[in-house]
Amino acid sequence: MRLSRYFMPILKENPKEAEIVSHRLMLRTGMIRQQSQGIYSWLPLGKRVLDKVNAIIREEQNRSGAIELLMPTLQSAELWQESGRYDAYGKEMLRIKDRQDRPMLYGPTNEEMITDIFRSSVKSYKDLPLNLYHIQLKFRDEIRPRFGTMRSREFMMKDAYSFDLTLEGAVHSYNKMFAAYLRTFNRLGLRAIPMRADTGPIGGNLSHEFIILADTGESEVFCHKDFVNFDIPGEDTNFDDVAGLKSIFDKWTSVYAATSEMHDEAAFNAIPEGDRLSARGIEVGHIFYFGTKYSEPMGAKVQGPDGKEHAVHMGSYGIGPTRLVPAIIEASHDENGIIWPESVAPFDVVVINMKAGDQACDEACETVYAALSKAGRDVLYDDRDERAGTKFATADLIGVPMQIIVGPRSIASGEVEVKDRKTGARETMTVEAAINRLAG
Ligand code: P5A
């Protein structure tokens with residue numbers, strides 16, 4: 001991508017309305033734009049990151065055996081009347097009427113709709129277990145939307161829904177998502193801690209929130225320090241291995257961790273003082289087991305091996321991609337801007353032409369840009385007619401992991417500088433060596 005032809009509306013000043021660093025940096029780099037309170041457009045740079053986050057979420061959901069579909073944002077009120085949640089959900093639900101005066105709503109979550117899909121076609125236990133997910137926009141008319149896309153009214157969610165014949169089956173489905181979440185957040189460069197959590201309007205009594213520790217987080221959390229040393233399940237995790245997945249769950253829930261709603265002061269104080277961690281955190285995921293709360297009233301039943309009808313045991317599992325992007329920034333930035341983990345960086349490499357218009361610089365930049373693009377890297381080429389200092393500041397601000405700096409003096413001897421955004425380490429090498437280094 002040539003920056004001169006791209007759309008990246010960078011702000012020179014720090015936006016006043018932004019209270020936390022991720023919100024400030026997302027606005028300054030032109031990743032997002034507020035359209036009305038708590039409702040955002042994702043501009044091209046932000047969209048690239050969001051897509052990469054979603055691709056990792058999708059890969060790990062698929063790996064665990066979940067199956068992707070896509071449900072609509074608008075739902076009929078009737079479904080919610082069946083489950084009893086239409087009235088119970090309160091003012092957070094945006095209620096609308098269509099031209100025939102039929103009550104509709106902008107979905108805040110999809111338990112009812114997926115239960116309706118399930119009951120319309122699954123009739124036998126032989127078709128279980130089943131886990132269906134989508135990545136879709138949601139709307140919750142939050143009282144206090146704030147911190148940009150961290151807590152917005154319209155936001156994206158990956159929501160998965162599991163169906164099992166028995167409680168034991170449902171617990172295994174829960175453990176699959178538990179392990180998939182540990183892998184997902186780790187690949188996003190984050191250490192998420194699963195904590196016992198309140199279930200709120202979703203329901204049930206088994207639930208974990210996945211929390212990233214950050215001073216700017218909205219949740220107050222309490223846990224044992226040991227979490228930093230726990231192993232993340234590997235790529236070769238067998239998601240059909242019931243005992244194996246249970247041991248992952250048991251390990252990660254073996255030491256104390258709870259959000260303030262579930263906090264048990266006595267249990268926390270039983271931890272040796274030096275091992276206690278009382279901190280703030282960002283909830284990036286939340287998983288629930290709620291049994292037959294929806295399947296019973298909505299008639300989602302299957303025939304069991306005993307020939308009888310059984311309401312299915314269900315769970316639901318959410319991740320917030322549009323919250324994860326700012327959460328990653330909260331965890332990874334410095335005074336000059338964002339430092340993207342490689343896995344979600346909007347570009348892998350930025351090529352900085354210090355003197356656009358200089359023949360040797362232009363040619364070297366074109367060579368590097370073409371070669372790295374051909375090698376499959378996402379390359380941003382800063383070919384703008386701007387001062388070198390402005391270009392360096394932009395590259396640091398937008399946080400692309402590697403920079404190739406092409407200046408008239410060094411290119412005269414066939415050399416460029418390669419800079420690592422995270423460490424700041426710089427190395428001078430030939431154009432060819434730089435290409436080889438960054439192509440892989
Ligand atoms: C689980 C999937 C649910 O809604 N139903 C379907 C269950 N859970 S939840 O905890 O309420 O939300 C899941 C995740 O969505 C993100 N999230 C938000 N992100 C941005 N702005 C918001 N206002 C917002 N509300 C929820 C969080 O990451 C949460 O863990």
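Everything numeric in this text was worked out from a predicted model, so none of it was measured. Whatever order the structure lists them in is the order used to number ligands and atoms, beginning at 1.
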Q. Are any of the side-chain nitrogens in Asp236 or Arg63 under 4.0 Å away from the carboxylate oxygens of its partner?
A. no

Q. Which atoms of ligand 1 are found less than 4.0 Å from any heavy atom of Gly285?
A. 30 (O)

Q. Glu112 and salt bridge (charged side-chain N to carboxylate O under 4.0 Å, His left out): which partner among Arg85, Arg119, Lys293?
A. Arg85

Q: Give the residue and atom name of whichever protein heavy atom lies nearest to atom 21 (N) of ligand 1, and the separation in Å to one decimal.
A: Ser152 N, 3.2 Å

(Q) Judged on heavy-atom distance to atom 17 (N) of ligand 1, which of Tyr161, Phe155, Phe288, Phe290 sits nearest? (A) Phe155

Q: Provide the number and element of each atom of ligand 1 under 4.0 Å from a heavy atom of Tyr317.
A: 1 (C), 2 (C)

Q. Just which atoms of ligand 1 are under 4.0 Å from any heavy atom in Gly318?
A. 1 (C), 2 (C), 13 (C)

Q) Measuring from Leu45:CG to Ile10:CD1, what's the distance to the nearest 0.5 Å? A) 8.0 Å

Q. N/O of His286 under 3.5 Å from N/O of ligand 1, yes or no?
A. yes

Q. Does NZ or CZ of Arg153 fall inside the cone over Tyr106's six-membered ring, less than 6.0 Å from its centre and within 45° of the axis?
A. no

**Q.** Atoms in ligand 1 flagged as close to Met150, the criterion being non-hydrogen separation under 4.0 Å
**A.** 20 (C), 21 (N)

Q: Verify the distance criterion only: is there a donor paired with an acceptor across the side chains of Asp159 and Tyr161 at less than 3.5 Å?
A: yes

Q) Are more than 12 heavy atoms from other residues, nucleotides or ligands located less than 6.0 Å from atom CD of Glu235? A) no

Q: May I ask you to check whether Ile202 has an N/O atom sitting below 3.5 Å from an N/O atom of ligand 1?
A: no

Q: Specify side chain, backbone, both or neither for Met157, according to which of its non-hydrogen atoms lie closer than 4.0 Å to ligand 1.
A: side chain

**Q.** Whether over 12 other heavy atoms sit under 6.0 Å from Lys225 NZ
**A.** yes

Q: Could you pull out, from Glu111, Glu92, Arg323, Arg140, the option with a heavy atom nearest to atom 4 (O) of ligand 1?
A: Arg140

**Q.** For Asp159, the ligand 1 atoms whose distance to one of its heavy atoms is below 4.0 Å
**A.** 2 (C), 6 (C)

Q | Nearest atoms (heavy-atom pairs only) where Ser83 meets Met298 | A | CB-SD, 4.2 Å

Q: Distance to 0.1 Å, residue and atom name: give those for the protein heavy atom nearest to atom 30 (O) of ligand 1.
A: Glu283 OE2, 2.5 Å

Q. Is Glu78 atom CD crowded by more than 12 heavy atoms from other residues, nucleotides or ligands, each under 6.0 Å away?
A. no

Q: Kindly assign one of parallel, tilted or perpendicular to the pair Tyr181 and Phe185, based on the angle between their ring planes and the thresholds 30° and 60°.
A: perpendicular

**Q.** ligand 1-proximal atoms of Lys138, by part, heavy-atom distance under 4.0 Å
**A.** neither

Q. For ligand 1, does Val284 get within less than 4.0 Å through its side chain, its backbone, both, or neither, judged by non-hydrogen atoms?
A. backbone

Q: Tell me which protein heavy atom sits closest to atom 16 (C) of ligand 1, plus the residue, atom name and distance to 0.1 Å.
A: Gly320 CA, 3.8 Å

